[in-house]
Protein chains: 2
Amino acid sequence: MNERKKKVMEAAHSLFIEKGYAATSIQDILEKSAISKGTFYNYFPSKNELLISIFEKIHSETDQLRQEVIAGRPVQDKEVFIEQVKVKMEVNKRNNLFALFQGVFASEDEELKKFVKQHHLNELRWMQRRLIEVYGMRIRAFSLDLAVVMFGIIQNMLHFVIAIEENVKVEDVISYAMRRVDAAVDEITVSKDVLLDTRLLEKWQPNELQEQERKKSKLLQEIGAMQTKADKRTDQLLVFLQDEVREEAPRRLIMETVAKEIPQNKELVRLMNDFFDTDA
Amino acid sequence: MNERKKKVMEAAHSLFIEKGYAATSIQDILEKSAISKGTFYNYFPSKNELLISIFEKIHSETDQLRQEVIAGRPVQDKEVFIEQVKVKMEVNKRNNLFALFQGVFASEDEELKKFVKQHHLNELRWMQRRLIEVYGMRIRAFSLDLAVVMFGIIQNMLHFVIAIEENVKVEDVISYAMRRVDAAVDEITVSKDVLLDTRLLEKWQPNELQEQERKKSKLLQEIGAMQTKADKRTDQLLVFLQDEVREEAPRRLIMETVAKEIPQNKELVRLMNDFFDTDA
DNA sequence: TTTATAATATACCGGTTGTCCAAAAAAATC
DNA sequence: GATTTTTTTGGACAACCGGTATATTATAAA
């Protein structure tokens, strides 16, 4: 990614942490990163999209860390699980993500809200899966309940600790929650107490598809924008791309070949690569 | 309270529920309640203060309901406790308070944030106290932990249920949480597992003092505002009131007598009554 | 060197909350 | 009923906000 763009994101990020999302004006970001307004809107279509970019970066970095934590260690190891949770929570704390998420919900921006919500559900799904790995299939029927319980305890505990400005270690909180879940597992396997259907989350698009949808819509948006100022020939090419990207299995080679013939195609090509690369 | 003012609050309230806090402009409120901008700012110094007023009203009404639920029934009755929790949660849900609170945090208004935070702590304190009443003194050492756990489970569960748009009854969620806490109580009294010091909350100003501080500051603000357009004689009276209200134990009768001699004292008198009335 | 692309500065738009004020209306007081 | 006080009105205004549009300049690719 563009060095300059990265710099803007970092400046914005630190401002968001420092002053909060809503309280940070675009003017502030411009001044801190020493760019002009025009440049800013070249990089990001809106303040919200900038925030999403920052979120995405944090998440992917966090997931990376989580991977590293578990690498070469047994999935049922409770310590590994705790460490993985800790990674996330500490990132959240360090980046004031709690506050930022809340800011999002007030923004009334549907896309942004959806993004945060989806992230929350992903996180829950992750925890549900990991809990099954840790405690075994016997807790499968209660896995979603347990995930929500564990999440709730940790989140509320941290929230409380932050509110009263007391110093309690994140790992102590997580361990505490883990011990409560330990006990709950024993108890629930006896009482067979179930609240939520384990498959509730399955109905919700998993992350990758959601991501892919985002990318597709971005690409289509760009094509649409280009059409407004395209000549006849270019327009035909663009229409083809539009149709192709909407196909079940868009053919990358063809699309790239066609795109080559379109003038001012840089952003288009960038978004197309983004669309076809399953990994970010 | 002024009928008209009440009407404005109701209009704003319904708009906030409908469209959210940030998305509701003052203009919207003016139109819905059919008043002018000038009048609005006569009633409320800002949009934030209006929101606080609404919160206060909801809270006091909810507390009232809670009182009624327990009236004449034993404090250790679990069903009573569950019903009381349910009252609050249903009010929250009905009034979209989750979303409104989040809107608050985005507003970056310090007073508003403090208010919501204080409310959260009050709620925790209430639950801590009630848990002791329900389970007895033996859980005293773990009461704060348990309160946070219970709160966290309920809140997260409800949040999740709303997110996935599934219909799960509020009371089912609360009962579920209650059963988890039941088990946790048994387990913890054996393991003696403690995370948070029970007295952590004591340090935080209880609601009444906080309230009183708010009223005092409002009163002082009004006095300050009046001073700017007061003649010499009036100014002397105002200065006296200012000093008196800052005393340990302000003398109501004296202040009221002095206030009578001040022209255009309506709002002043109103705020003074508010200040001296311990009950709203 | 030419040409395409990126970055700049700035004016502008419609929106926001909140201030201010003169004038009209309503209420309270004499 | 007349006078005074209080409340309400409605709109101009200021200072912001996010975002658009554009003409100009700088930079890099051909």
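Just so you know, these numbers use all the heavy atoms, side chains as well, and skip hydrogens, waters and symmetry mates. Chain naming here is simple, since letters A, B, ... match the order of the sequence lines and numbering starts at 1 in each.
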Mutual orientation of the aromatic rings belonging to A/Phe115 and A/Phe55 [parallel < 30°, tilted 30-60°, perpendicular > 60°]
parallel
Under 4.0 Å, heavy atoms only, any strand: does B/Thr39 hit a base, just the sugar-phosphate, or nothing?
base
Could you tell me the separation between the CZ atom of B/Phe44 and the C1' atom of C/dT17, rounded to a whole number of Å?
16 Å
For A/Glu31 and C/dT8, give me the distance from atom CD to atom C1', rounded to whole Å.
15 Å
Search all heavy atoms of A/Ala12 against all heavy atoms of A/Ile54 and return the closest pair with its distance.
CB-CD1, 4.1 Å
B/Leu50 CG - C/dG18 C1' separation (whole Å)
14 Å
Candidates D/dG18, C/dG18, C/dT8 - which lies nearest the side chain of A/Ile35:
C/dT8
Among D/dC17, D/dT9, D/dG19, the nucleotide that comes nearest once only the side chain of B/Ser36 is considered
D/dT9
Option among B/Phe151, B/Phe101, B/Trp126 that satisfies the ring pair (Phe, Tyr, Trp, His ring centres under 6.0 Å) test with B/His120
B/Phe151
Measuring to OP1 and OP2 of C/dA26, would you say a side-chain N or O of B/Arg4 lies under 4.0 angstrom away?
no
Under 3.5 Å, is there a donor-acceptor pair between the side chain of B/Lys47 and the main chain of B/Ile26?
no
Do A/Lys203 and B/Glu166 have side-chain heavy atoms sitting under 4.5 Å apart?
yes
State whether A/Tyr43 places a side-chain N or O below 4.0 Å from either non-bridging phosphate oxygen (OP1 or OP2) of C/dA7.
yes
Between B/Lys37 and D/dG10, is there a side-chain N or O to OP1/OP2 distance below 4.0 Å?
no
Measure CD1/A/Ile26 against P/C/dT16 and give the value in whole Å, please.
17 Å
Name the closest nucleotide to the B/Ser25 side chain, picking from D/dG19, C/dT8, C/dT16.
C/dT16
Distance check needed: C/dT8 P versus A/Phe40 CZ, whole Å only.
13 Å
Expressed as a whole number of angstroms, how long is the span from A/Lys47:NZ to D/dC16:P?
15 Å
Within this structure, what is the CG-to-P distance between A/Leu30 and C/dT8, rounded to whole angstrom?
10 Å
Side-chain atoms of B/Tyr41 come closest, of C/dA7, D/dG19, C/dT19, to C/dT19
Atom NZ of B/Lys5 and atom P of D/dT8 are separated, to the nearest Å, by 11 Å
